[in-house]
Amino acid sequence: MSESDDWPLWEVFLRGRRGLAHQHVGSLHAPDPELALQNARDLYTRRGEGISIWVVRSTEVHASDPDDQGPLFDPPADKAYRHPTFYRVPEDLQL
Amino acid sequence: MPPTYSDESRELAFQEAIDSDRTVEPRDWMPERYRSTMIRQIAQHAHSEIIGMQPEGNWITRAPSLRRKAILLAKVQDEAGHGLYLYAAAETLGVERRELTDLLLAGRQKYSSIFNYPTLTWADVGAIGWLVDGAAITNQLALTKTSYGPYARAMVRICREESFHQRQGFELLAELSRGTEAQHEMAQDAVNRWWWPALMMFGPPDAESPNTAQSMAWKIKRVSNDDLRQRFVDMTVPQARALGLDLPDPELGWNETRGHYDFGPIDWEEFREVVGGHGPCNLQRISVRRAADEEGAWVREAARAWEGRQQGRMSAA
């Protein structure tokens with residue numbers, strides 16, 4: 001086992017341009033935050049994909065359980081009234 | 001050695017960046033006054049969403065049908081969510097939500113004066129959705145272009161979610177307006193009471209708004225109070241006509257030369273009274289919020305205690 005296998009995994013987030021939020025683009029291994037940023041720059045921004053990078057230890061990301069997808073995300077399905085198209089208003093008004 | 005910059009040259013560079021329409025992001029250098037203005041404005045906006053749950057929440061148990069009740073619940077739930085987006089945006093500037101909540105409860109930060117008016121009848125729920133949310137959307141659409149990135153992004157999200165708020169209010173009033181005579185009168189009465197306070201939501205006239213110039217220069221504000229108010233009036237007059245309801249202003253009329261609707265003078269004395277704490281519901285709004293904070297304290301403590309115990313278990317394992 002090479003030493004780099006021991007390096008922790010980091011999740012990488014890029015801001016494409018000013019005004020946009022950071023978005024997840026992938027992950028990488030690095031021994032510390034500084035090198036994680038450096039590696040992220042080399043790995044994910046070779047074509048000007050970003051102007052700002054966030055790195056977060058993968059173990060710090062807590063995710064929902066894929067098996068819970070239904071119970072978690074189905075409830076809004078029958079709540080059509082949360083959408084503007086649910087309401088009938090005259091079309092020529094700015095509503 | 002890297003060059004050192006004076007605050008003055010930094011401020012110049014900051015203004016240049018703003019002038020070229022660059023957004024400001026949390027880690028950027030910014031003038032202290034920009035930061036404090038931004039914190040105050042976002043906090044005030046967040047407080048408005050949270051306090052704004054009360055006037056409408058007042059009608060949830062008395063909504064006239066299951067359909068209307070579900071809609072009203074969804075709307076009030078949205079306001080809570082919008083408050084949370086905004087507190088989170090404020091936190092990117094280095095304050096904590098708790099500090100802001102404490103300032104609100106101590107009466108040291110304000111919220112929109114509109115929420116100090118009572119909701120006397122069911123039609124008020126419609127008038128709030130149509131007029132108050134309509135005014136809020138007009139203001140917030142302009143703010144999607146504000147210079148502070150996290151605030152602008154919160155506005156985009158809020159505007160997208162809020163478009164149903166105004167429509168449900170319009171639809172509710174349309175039903176009442178076309179209903180029995182008593183229902184029509186109730187709708188008209190609600191519009192009579194909410195119209196002027198809704199116009200006040202855009203703030204004092206430009207000539208008397210001392211912070212406007214700096215806020216416009218920093219592009220915190222992109223459109224002035226008076227221009228936003230005009231935009232709202234122009235949009236709302238045809239809607240009132242479609243509803244078959246009158247707006248309570250005898251001077252309201254189309255001005256051919258301006259290409260806008262003229263409207264009568266606003267009672268700024270009333271505005272100052274309400275902002276100054278003497279509106280019909282100021283005390284009630286804060287005391288309800290304070291009670292909610294106190295009564296929820298044990299939940300927050302229990303969650304922390306549970307978290308602490310989990311941590312203990314993990315380190316013991």
Side-chain angles (χ1 to χ4, degrees), chain A residues 8 10-25 32-34 36-38 40-41 44-45 48-65 71-95, chain B residues 17 20-28 66-75 77-78 129-130 133-134 137-138 141 144-150 152-154 156-157 159-175 231-232 234-243:
Chain A
W10 302 78
E11 299 302 320
V12 180
F13 299 79
L14 288 184
R15 184 200 296 291
R17 57 179 168 79
R18 294 189 80 89
L20 298 181
H22 286 78
Q23 281 210 341
H24 186 243
V25 289
D32 58 47
E34 205 179 321
L37 280 171
Q38 194 65 51
R41 189 203 71 134
Y44 289 108
T45 68
E49 290 90 337
I51 56 146
S52 168
I53 306 173
W54 284 352
V55 289
V56 179
R57 281 283 294 267
S58 304
T59 49
E60 293 298 312
V61 175
H62 301 265
S64 61
D65 184 343
L72 284 181
F73 304 115
D74 286 351
D78 62 356
K79 294 180 174 58
Y81 49 82
R82 283 180 176 157
H83 299 278
T85 45
F86 181 76
Y87 304 90
R88 266 179 304 149
V89 300
E91 273 181 25
D92 52 334
L93 298 175
Q94 282 176 275
L95 268 164
Chain B
S20 61
D21 267 337
R22 252 165 56 132
T23 54
V24 180
E25 296 294 345
R27 304 233 175 166
D28 294 342
L66 186 56
R67 178 181 185 272
R68 287 289 170 199
K69 188 173 189 159
I71 291 168
L72 189 53
L73 271 169
K75 181 175 188 297
Q77 189 186 14
D78 272 356
W130 176 44
D133 287 296
I137 291 168
T138 305
L141 268 177
T144 60
K145 302 261 189 328
T146 191
S147 56
Y148 189 57
R153 290 190 286 275
V156 170
R157 203 182 168 120
C159 284
R160 200 183 304 138
E161 295 184 354
E162 215 154 68
S163 66
F164 101 71
H165 295 189
Q166 195 193 11
R167 280 171 163 241
Q168 65 84 34
F170 181 91
E171 190 203 66
L172 195 166
L173 283 180
E175 258 175 52
R231 213 177 264 189
F232 173 70
D234 290 347
M235 186 181 79
T236 307
V237 172
Q239 294 171 0
R241 208 172 295 134
L243 283 171

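To find a chain, count down the sequence lines: A is the first, B the second, and so on, and within it residues start at 1.
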Under 4.5 Å from any heavy atom of chain A, what part of A174(B) do you find: side chain, backbone, both or neither?
neither
Counterpart residues, side chain to side chain donor-acceptor pair (under 3.5 Å), relative to S58(A) (two or more places apart)
E11(A)
Side chain, backbone, both or neither: which part of V24(B) has a heavy atom under 4.5 Å from chain A?
backbone
After noting the C-alpha distance and the side-chain angles of L93(A) and F170(B), does the key distance pass the side-chain contact (heavy atoms from CB on, under 4.5 Å) rule?
CA-CA 11 Å; L93(A) 298 175; F170(B) 181 91; 3.8 Å; yes
Specify the closest pair of heavy atoms between P8(A) and W10(A), including all atoms of both residues, with the distance to one decimal.
O-CD1, 3.2 Å
Got a list of the donor-acceptor pairs under 3.5 angstrom between chain A and chain B?
from, atom 1, to, atom 2, distance (Å)
R15(A), NH1, E25(B), OE1, 3.4
R15(A), NH1, E25(B), OE2, 3.4
R15(A), NH2, E25(B), OE1, 3.2
R18(A), NE, T23(B), O, 3.0
R18(A), NH2, T23(B), O, 2.9
R18(A), NH2, D28(B), OD2, 2.3
G19(A), N, T23(B), OG1, 2.9
G19(A), N, E25(B), OE2, 3.3
G19(A), O, R153(B), NH1, 2.9
L20(A), O, R153(B), NH1, 3.4
R82(A), NH2, Q77(B), OE1, 2.9
P84(A), O, R167(B), NH1, 2.9
Y87(A), O, R167(B), NH1, 3.3
Q94(A), O, Q239(B), NE2, 2.9
L95(A), O, R167(B), NE, 3.3
L95(A), O, R167(B), NH2, 3.4

Reported CG-to-CG distance for the pair L14(A) and L20(A), which is rounded to 0.5 angstrom:
11.5 Å
Looking only at non-hydrogen atoms, find the nearest pair between A40(A) and I53(A) and report the distance.
CB-CG2, 3.9 Å
Note: L72(A) and S64(A) closest approach over all heavy atoms is CD1-CB, 3.8 Å
